Amino acid sequence: MQVSLATSAGRADRPNEDFVGAVPGAVTLLDGAGIPGAESLCSHGVAWYTRRLGGALLGHLSRGDGQDLASILATAIGEIAGEHGDTCDIADPSSPQATVAMVRAHQGRVDWLLLADSFLILDQTDADPQVITDEREVTARRECSASLAGIAQGTPEYDSVLAGCVTALRARRNRPGGYWIAKDDPRAAWEAVTGSRFLTDLNGVALLSNGASRIVSPYGRTDWPGVRDVLRASGPAAVIARVRQAETQAAAAGGAPIPDDASVAHWDLAGMPGWR
């Protein structure tokens with residue numbers, strides 16, 4: 001099993017809220033949601049949550065028993081909720097939460113699970129890479145922010161409408177018709193995007209947090225086949241380096257997004273039992 005991992009904090013003055021790790025036969029990546037005000041709800045913080053949940057997932061995956069990935073995630077969410085549910089307000093919509101991406105090889109297949117907006121690249125043997133993500137949060141955000149169209153930023157009206165958008169978006173979190181994320185409710189795991197492919201269909205797989213996916217959008221430094229090529233040639237750290245370079249150049253030009261934590265895992269499947 002050959003897995004390369006890289007992660008980078010978006011800002012030097014804040015902890016990295018991503019988590020990426022691997023055990024034999026499986027890889028997981030989490031992207032913590034650093035929501036303003038979460039510190040008053042949970043004394044542990046988002047980085048603690050992603051590390052605890054990521055570690056729990058790796059522990060379950062290391063058993064290699066082929067348990068359904070959604071079941072593994074549901075169990076882990078419940079375990080971490082139990083660790084701080086008595087001391088923190090974990091039911092509040094802004095309490096610590098994270099996207100989850102998992103990939104596992106088992107019995108000649110590659111299984112995956114995605115909850116919220118991380119990205120999975122399937123490096124197909126006979127076609128361009130297939131990219132999979134859970135688009136529901138992006139869709140909900142787009143719908144909630146539609147009311148801002150035509151309102152000048154920096155005005156009292158804009159600030160008021162924006163506050164309403166934020167409230168509306170949080171109300172759709174972990175609700176039918178909204179979007180789902182790992183937080184306090186194990187039932188969110190059963191809403192994840194899942195799938196499976198034969199191991200022989202793939203040369204490899206990659207997981208990218210939202211911050212790392214910026215190499216494609218919004219920065220447009222390459223496309224998804226290009227990301228695959230960078231991973232093959234230079235590994236995950238090279239993808240993140242290009243994101244940081246794009247952020248620096250965009251900041252110099254003005255109007256750049258705030259740098260985000262970025263994590264990438266690349267798993268070369270050649271040589272796995274059942275491959276070819």
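Computation of the quantities below employed the complete heavy-atom set of this structure, encompassing side-chain atoms and omitting hydrogens, waters and symmetry-equivalent molecules. Treat the numbers as computed from the prediction; the structure is a model and nothing was measured.
- Of the listed residues (V20, V100, T7), just one forms a side chain to side chain contact (heavy atoms under 4.5 Å, CB included) with L29, and that residue is V20.
- Surrounding CD of Q2 are at most 12 heavy atoms belonging to other residues, nucleotides or ligands under 6.0 Å away.
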Original post:
Should Q249 and R221 be marked as a side chain to side chain donor-acceptor pair (under 3.5 Å) after you check the CA-CA gap, both sets of side-chain angles, and the distance that decides it?
Top reply: CA-CA 12 Å; Q249 293 175 351; R221 288 304 176 99; 2.2 Å; yes
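- Under a 4.0 Å N-O distance rule, the pair R173/E137 does not qualify as a salt bridge.
- Taking every heavy atom of both residues into account, A238 and S234 meet most closely at CB-CB, 3.5 Å.
- There is no side-chain donor-acceptor pair under 3.5 Å between R172 and Y179.
- Under 4.0 Å is where a charged nitrogen must lie from a carboxylate oxygen, and between D65 and R63 no such pair does.
- Using a 4.5 Å cut-off between side-chain heavy atoms of Ile, Leu, Val, Met, Phe, Trp and Tyr, with links allowed through other members, L199 and V3 fall into the same hydrophobic cluster.
- The distance from the CG atom of D89 to the OG atom of S43 is 11.5 Å, given to the nearest 0.5 Å.
- F198 carries R109 over the face of its six-membered ring, with the cationic atom under 6.0 Å from the centre and within 45° of the normal.
- Side-chain contact of T133 with D117: a donor-acceptor pair under 3.5 Å is absent, judged by distance alone.
- A donor-acceptor pair is defined here as one N or O able to donate and one able to accept, closer than 3.5 Å; no such pair exists between the side chain of R51 and the backbone of V46.
- Atom CD of Q124 sits about 5.0 Å away from atom CD of Q130, to the nearest 0.5 Å.
- Annotation for R228: atom CZ counts as buried by contact number, over 12 foreign heavy atoms lying within 6.0 Å.
- When each of V110, L113, I72, V23 is checked for a side chain to side chain contact (heavy atoms under 4.5 Å, CB included) with R104, only I72 meets the rule.
- I132 and V205 fall within the same hydrophobic cluster, defined by Ile, Leu, Val, Met, Phe, Trp and Tyr side-chain heavy atoms under 4.5 Å apart, directly or through other members.
- Inter-residue side-chain proximity for I121 and V227 is flagged as met; some heavy-atom pair is nearer than 4.5 Å.
- Taking every heavy atom of both residues into account, N16 and A9 meet most closely at ND2-N, 3.5 Å.
- Connection of V103 to L114 is established within a shared hydrophobic cluster, with ILVMFWY side chains joined at heavy-atom distances below 4.5 Å, either directly or through further cluster members.
- Annotation: the span from D261 atom CG to N210 atom CG amounts to 10.5 Å, rounded to 0.5 Å.
- Checking side-chain atoms of D185 against main-chain N and O of A188 turns up no donor-acceptor pair under 3.5 Å.
- V193 and L122 end up in the same hydrophobic cluster when Ile, Leu, Val, Met, Phe, Trp and Tyr side chains are linked at under 4.5 Å.
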Subject >> side chain to side chain contact (heavy atoms under 4.5 Å, CB included) between R197 and L202, worked out >> reply: CA-CA 8 Å; R197 291 281 296 273; L202 304 171; 4.2 Å; yes
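- Checking side-chain atoms of S196 against main-chain N and O of W112 turns up no donor-acceptor pair under 3.5 Å.
- Side-chain N/O atoms of Q67 and H106 include no donor and acceptor closer than 3.5 Å.
- Contact of the I258 side chain with the R11 side chain is registered, since non-hydrogen atoms from C-beta on lie closer than 4.5 Å.
- Not one N or O on the side chain of T28 forms a donor-acceptor pair closer than 3.5 Å with the backbone of G21.
- Of all heavy-atom pairs between P259 and G10, the closest is CB-O, 3.3 Å.
- Between S71 and W190, the closest heavy-atom pair is OG-CH2, 3.1 Å.
- Of the inter-residue distances, the one linking H60 atom NE2 with E79 atom CD reads 3.5 Å to the nearest 0.5 angstrom.
- Looking at S95 and D184, their side chains never bring a donor and an acceptor atom within 3.5 Å of each other.
- By the 30° and 60° cut-offs, the orientation of the rings of H84 relative to W48 is tilted.
- Side-chain polar atoms of S209 and S263 form no donor-acceptor pair below 3.5 angstrom.
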Subject >> Worked verdict on T194 versus D111 for side chain to side chain contact (heavy atoms under 4.5 Å, CB included) >> reply: CA-CA 7 Å; T194 59; D111 307 318; over 6 Å; no
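- Here side-chain hydrogen bond (donor to acceptor under 3.5 Å, both in side chains) pairs that include residues 148-171, with residues two or more places apart or in two chains, are S94-R170.
- In this structure, S213 OG and W224 CH2 are separated by 5.5 Å, a value rounded to the nearest 0.5 Å.
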Original post:
Between L73 and L115, does a side chain to side chain contact (heavy atoms under 4.5 Å, CB included) hold up when you go through it step by step?
Top reply: CA-CA 10 Å; L73 178 56; L115 189 67; 4.0 Å; yes
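- With a 6.0 Å radius and a threshold of 12 heavy atoms from other residues, nucleotides or ligands, R52 has its CZ atom at or below the threshold.
- Heavy atoms from other residues, nucleotides or ligands lying under 6.0 Å from CD of E135 number 12 at most.
- In terms of hydrophobic clustering, with Ile, Leu, Val, Met, Phe, Trp and Tyr side chains grouped at heavy-atom distances under 4.5 Å, I77 and L57 are assigned to a common cluster.
- Note that NZ of K183 is 7.0 Å distant from CD1 of I90, once rounded to the nearest 0.5 Å.
- With no hydrogens or angles considered, a side-chain donor-acceptor pair links T99 and S118 at under 3.5 Å.
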Original post:
Taking it one step at a time, do L69 and L61 satisfy side chain to side chain contact (heavy atoms under 4.5 Å, CB included)?
Top reply: CA-CA 9 Å; L69 293 180; L61 288 166; 3.8 Å; yes
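- With salt bridges taken as basic N to acidic carboxylate O contacts below 4.0 Å, one links R232 and D123.
- A donor-acceptor contact shorter than 3.5 Å is absent between the side chain of D31 and the backbone of A98.
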